[in-house]
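Structure, as structure tokens:
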Amino acid sequence: MQLVLYSKPGCHLCEGLQEKLAAIKNIKFDLEIRDITTRDDWFAAYEYEIPVLFIKDETGEKLQMIPRPSPRISATQLEKIIQKYL
């Protein structure tokens with residue numbers, strides 16, 4: 001499974017979500033971090049929305065957005081949310 005995180009440098013919410021994703025132990029996934037400051041289309045789409053987390057479908061072509069979790073969510077709670085999309 002692959003997750004895609006749209007983020008930008010210095011975003012504390014993004015860093016917090018990334019730390020929680022790193023703490024997940026029961027789901028194996030690759031995490032691709034996309035810096036929105038590197039592409040105008042990403043920046044326009046997510047400037048005020050980051051962090052934005054997607055899961056890639058089985059073909060690796062389509063992305064499905066996972067609703068933004070609360071910054072207070074635990075890694076265990078985040079894992080449960082991600083499992084709903086598997």
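FYI, the numbering just counts along the sequence from 1.
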Leu63-Ile66 co-clustered via ILVMFWY side chain contacts under 4.5 Å: no
Minimum-distance pair of heavy atoms, taken over all atoms of Ile33 and Ser7: CG2-CB, 4.1 Å
So, using salt bridge (Lys or Arg N to Asp or Glu O under 4.0 Å) as the criterion, who are the partners of Asp40 when residues are at least two apart? none
Working note: Arg39 + Arg34, criterion side-chain contact (heavy atoms from CB on, under 4.5 Å); need CA distance, chi angles, decisive distance, verdict. CA-CA 9 Å; Arg39 288 185 42 175; Arg34 296 182 178 176; over 6 Å; no
Just verifying a value: how many Å separate Ile36 CD1 and Glu47 CD, rounded to the nearest 0.5 Å? 6.5 Å
Holding to salt bridge (Lys or Arg N to Asp or Glu O under 4.0 Å), I want the full list of residues that pass it with Lys56, two or more places apart in sequence or in another chain. Glu32
Is there a donor-acceptor pair under 3.5 Å between the side chain of Arg68 and the backbone N or O of Val52? no
Pairs of donor and acceptor atoms involving the side chains of residues 22-29, under 3.5 Å and at least two apart or interchain, shall be tabulated with distances.
| residue | atom | partner | partner atom | Å |
| --- | --- | --- | --- | --- |
| Asn26 | ND2 | Glu79 | OE2 | 3.2 |

Gap between atom CD of Gln77 and atom CD1 of Ile82 - 0.5 Å precision: 12.0 Å
Taken to the nearest 0.5 Å, the spacing of Thr76 OG1 from Ile81 CD1 works out to 11.5 Å
About how many Å separate CG of Asp57 and CD of Gln2, when rounded to the nearest 0.5 Å? 11.0 Å
Anything under 3.5 Å between a donor and an acceptor, one on a side chain of residues 11-21, the other on a protein residue two or more places apart or in another chain? List them.
| residue | atom | partner | partner atom | Å |
| --- | --- | --- | --- | --- |
| Lys20 | NZ | Pro71 | O | 2.6 |
| Lys20 | NZ | Ile73 | O | 3.3 |

For residues 61-86, which residue pairs pass the ring pair (Phe, Tyr, Trp, His ring centres under 6.0 Å) check, not counting sequence neighbours? none
So if you build clusters from Ile, Leu, Val, Met, Phe, Trp, Tyr with side-chain heavy-atom gaps below 4.5 Å, do Ile55 and Leu53 land together? yes
Once you round to the nearest 0.5 Å, how far does CZ of Phe43 lie from OG1 of Thr38? 11.0 Å
Residues which pass ring pair (Phe, Tyr, Trp, His ring centres under 6.0 Å) with Tyr46, listed by chain and number, not counting sequence neighbours: Tyr6
Let me check something: do Met1 and Leu31 share a hydrophobic cluster, defined by ILVMFWY side-chain heavy atoms less than 4.5 Å apart, either directly or through other members? yes
